[in-house]
Asker: 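Have a look at this one before I ask anything.
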Amino acid sequence: MPESAPVPDSAAPGATGELAAERARLDAAREALRRMREDVLATETPEVFGDWVSTQVLRQAREMRAEALADLPGAPLFFGRLDFDPGTVFEDGDVRDGADRVRIGRRHVHDQGGRAMVLDWRAPISQAFYQAVPAAPMRVRTRRRYGFGAGGELTAFEDEDLTAPGPDAAPGGAEEAAPGGGLLAAEIERPRTGPMRDIVATIQPEQDDLVRAPLEATLCVQGAPGTGKTAVGLHRIAYLLYTERQRLARSGVAIVGPNRSFLSYIRNVLPALGEVDVGQTTLTELLGIVPVRRTDTAEAARVKGGARMAEVIRRDLWSLLREPEEAVVVQRGARRWRVYPEDLRELTGELRERGVAYESGRGLLEHRIAHAVLTLMEAAGEACDDRTHDQVRRNRAVRSAVAAIWPKADPVRLVLGLLTDPGRLARAAEGLLTPEEQEAILLPGRPRGPKSARWSEADLALIDEAACLIRRPSGLGHIVLDEAQDLSPMQCRALGRRSQGGSMTILGDIAQGTAPAAAEEWAVLLRHLGKEDGRLHVLDRGYRVPAQIIDFAARLLPRIAPGLGAPVAVRRAPGSLSVQDAGADRVGEAAVQACRTALDGEGSVALIAADAEIPALLEAARAAGLSPGLLGGGDGEEDALEAHRLVCVPASLAKGLEFDTVVVAEPAAIAAAEHRGLHRLYVVLTRAVSRLHVVHAAPLPDALAAAGRI
């Protein structure tokens, strides 16, 4: 049974016991971290003689190291302690000289003598903090958790005796609860404002298993709302950078999120863990060769996103090759050497069958023709070497022949030509796309060139497919894909090419798939990513979203994701769900009033509605004096999340975000706004972690109303 030190914060000035000693240790650790950072900043950067670039690289590395050692306000340096069996010695070097007590924190901190004061949560010994239980204590006698106030001041601690027999006790008498006692439950449920925080102090065993998976493993995590799948992905990046930093420094890592709002929401997590140099991008930015200025119809997005388009583009690209009609005549002195059309066709066909990249094929054809000429020269008794080969390859006749047979290709112009020429599209799509599907994907208007064309997001994946057929891209060591269920097969192919030789962490929820070409099952998505060997893991235990909210949203699952099990909520919170029929023309007024009431409490508040309804609700909230921010609007993503407790959120931008209180206005309008509107509504209804207030005038969608009263 956990034992708490119930020392109230008001008693802190006079506390002389163990709580005061723990506070002193925290102060000492902060001072040690400050000295560590000052030592880095005081280090002289050597001037590399004659190499300005190397000097700048060294200086940048020093600055990044200093930034990683910055003490973040409100982020305690240690959050746990492990007391091991006396005399325990660990082979991995985490604990030396038989030390039997360690403190676990967000980063490693040592004193001036090099002795560890805080061990990094990613160190092997720290795994016991997350995994040890009485049945398997991992040599731990006692696990201590610390409680902290809003300013980062240590206010309490709680000990868990792992030598006691029997199952872990659940705090507060709950039937199901996160293991570890009241402080852990309080931290999980603590209200929050602004961007996402790390969960390093509250990682659960099933999450820890995924976080510490080796770099070579590709993980696919099906996570219900509130199960921490995004946090798992971010913490896995931090863990891999700790264990495989040199390998990943060479190959690189990236986090790919669904939109800028989401990336703004998660932006502080890795810096809080000491990782300040991880690229975070959206798929649109990653593939953004051309600007996106148009939204496809659902049918156009579905067809363009389908895997059949890869073959359409491949056919169109290779149709650029022309049959040789004339011999290549290379003159060397008084002699002329001929390579006849039938020989050129054989050379071209051999290269095409090899599956080389289109641009590489052009260069290889030059070499093949030059080799054919040298073969003729050697047969006539002339001496040839590498210099002769290079001279022949550069011969004007050879280059002219290659340009005629194997013309250069530009990916943007290739896709533009394909999507604006019905005859060309019909030839490339024969047997693959129906005439109706071909008509659906033709670009509107008559663009005169790439700059005047109005491209969509789905077009970016087509251009990328062409670009990678022309010239293959380099890969990354590890990619984290969040909200991956919305990736089309063509988008998966684009990302998979950037992970050849690397691994991925794929995060998502099939029930939250809102894109027209969203995945119906993970096995298909993994195949399109080229990661058929990826291991599927299911997180279905929600720690923050109350059961009342999860159960209400889960009424949609039989309609949107048949066969997918409903998530299990760890906690129940009476009064966390309310559904209000506001009556005609009063939804906006009722929603604003619900927001006002929520602002009287703690934490962040979101007003979510169909995109078209947000402007009117924003004005109503402003008129009521509530000073809301707008996500995806003129405020900027960071300002909206940090500067405003109340944020108006278009339903299309809600995915991946989390708020203490969510007010949903007119669910039926959200469901009717798009092709997969019920999926979008499921997303919206699962954004609240404390309270969900639904306001409506139109009848609720049948799937929600079918189960009767709330």
Side-chain angles (χ1 to χ4, degrees), residues 210 213-223 229-230 232-234 236-237 240 248 251-259 262 279-288 301-314 355 357 457-469 472-539 655-656:
L210 300 177
L215 175 60
E216 293 76 14
T218 285
L219 303 183
C220 179
V221 181
Q222 159 63 40
K229 57 183 177 296
T230 295
V232 164
L234 294 172
R236 189 182 183 207
I237 280 284
L240 292 177
L248 291 177
S251 57
V253 298
I255 297 171
V256 181
N259 51 55
F262 174 82
Q280 300 185 18
T281 186
T282 66
L283 186 63
T284 299
E285 293 167 348
L286 186 66
L287 307 183
R302 182 190 66 80
V303 177
K304 289 180 180 179
R308 295 172 296 171
M309 287 302 300
E311 177 60 16
V312 172
I313 291 171
R314 190 197 68 80
E457 286 191 7
D459 294 330
L460 298 182
L462 304 185
I463 294 172
D464 190 77
E465 183 78 24
C468 294
L469 287 172
R472 294 196 173 106
S474 57
L476 293 165
H478 194 79
I479 299 176
V480 172
L481 305 180
D482 211 334
E483 304 299 344
Q485 75 280 344
D486 274 329
L487 296 174
S488 71
M490 291 299 291
Q491 291 171 332
C492 287
R493 288 174 60 86
L495 290 164
R497 287 188 291 267
R498 287 161 174 80
S499 184
Q500 292 179 357
S503 58
M504 288 184 172
T505 302
I506 302 155
L507 312 166
D509 179 9
I510 293 296
Q512 297 185 53
T514 55
E520 298 289 345
E521 53 182 296
W522 288 114
V524 175
L525 186 138
L526 286 169
R527 186 175 73 249
H528 290 306
L529 285 169
K531 303 295 181 184
E532 293 92 337
D533 59 344
R535 292 180 290 159
L536 178 63
H537 299 265
V538 177
L539 293 178
K655 192 171 296 182

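Along the sequence shown, the residues carry numbers beginning at 1.
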Asker: Rounded to the nearest 0.5 Å, what separates atom CG in L526 from atom SG in C492?
Answerer: 8.5 Å
Asker: Taking only residues two or more places apart in sequence or in another chain, which ones pass side-chain hydrogen bond (donor to acceptor under 3.5 Å, both in side chains) with E521?
Answerer: none
Asker: Among residues at least two apart in sequence or on other chains, which ones pass side-chain hydrogen bond (donor to acceptor under 3.5 Å, both in side chains) with D486?
Answerer: T514, K655
Asker: Taking the basic N atoms (NZ, or NE/NH1/NH2) and the acidic carboxylate oxygens, is any pair closer than 4.0 Å for D509 and K229?
Answerer: no
Asker: Check L476 against A254 and note the closest heavy-atom contact, atom names and distance.
Answerer: CD1-CB, 3.8 Å
Asker: Looking at OG of S499 and NZ of K531, how far apart are the two atoms once the value is rounded to the nearest 0.5 Å?
Answerer: 3.5 Å
Asker: Quick one: pull up CZ in R236 and CG in L234 and give me the separation to the nearest 0.5 Å.
Answerer: 12.5 Å
Asker: For A213 versus R535, what's the shortest heavy-atom pair and its separation?
Answerer: CB-NH2, 4.3 Å
Asker: Could you tell me which non-hydrogen atom of G477 sits nearest to which non-hydrogen atom of S251, and how far apart they are?
Answerer: CA-OG, 3.1 Å
Asker: Which of these passes side-chain contact (heavy atoms from CB on, under 4.5 Å) with H478: T218, L215, I255?
Answerer: L215
Asker: Rounded to the nearest 0.5 Å, what's the gap from CD1 on I463 to SG on C468? Could you check?
Answerer: 12.0 Å
Asker: What are the two closest non-hydrogen atoms of M490 and G306, and how far apart are they?
Answerer: CG-O, 3.3 Å
Asker: Could you tell me whether E465 and R314 make a salt bridge, using a distance below 4.0 angstrom between a side-chain N and a carboxylate O?
Answerer: no
Asker: Test L283 against L495 for side-chain contact (heavy atoms from CB on, under 4.5 Å), laying out the working first.
Answerer: CA-CA 9 Å; L283 186 63; L495 290 164; 3.8 Å; yes
Asker: Under the side-chain hydrogen bond (donor to acceptor under 3.5 Å, both in side chains) test against D464, which residue among Q491, R493, R498 passes?
Answerer: R498
Asker: If you measure from CH2 on W522 to CD1 on I506, what distance do you get to the nearest 0.5 Å?
Answerer: 7.5 Å
Asker: So do V256 and I479 actually touch side chain to side chain, heavy atoms under 4.5 Å?
Answerer: yes
Asker: Over all heavy atoms of both residues, which pair between G223 and Q512 is shortest? Give the atoms and the distance, please.
Answerer: O-NE2, 4.5 Å
Asker: How far apart are the closest heavy atoms of L240 and P214, and which atoms are they?
Answerer: CD2-C, 4.2 Å
Asker: Would you say the side-chain atoms of T282 and N259 include a donor-acceptor pair closer than 3.5 Å?
Answerer: no
Asker: Would you please test Q222 and H537 for side-chain contact (heavy atoms from CB on, under 4.5 Å) and show each step?
Answerer: CA-CA 6 Å; Q222 159 63 40; H537 299 265; over 6 Å; no
Asker: Does the side chain of L462 reach to within under 4.5 Å of the side chain of V312, using non-hydrogen atoms?
Answerer: no
Asker: Is the shortest side-chain heavy-atom distance between S503 and E216 below 4.5 Å?
Answerer: no
Asker: Working to the nearest 0.5 Å, report the span between CE of M309 and NZ of K304.
Answerer: 8.0 Å
Asker: Given side-chain contact (heavy atoms from CB on, under 4.5 Å), test L529 with L481 step by step and report yes or no.
Answerer: CA-CA 11 Å; L529 285 169; L481 305 180; 4.0 Å; yes
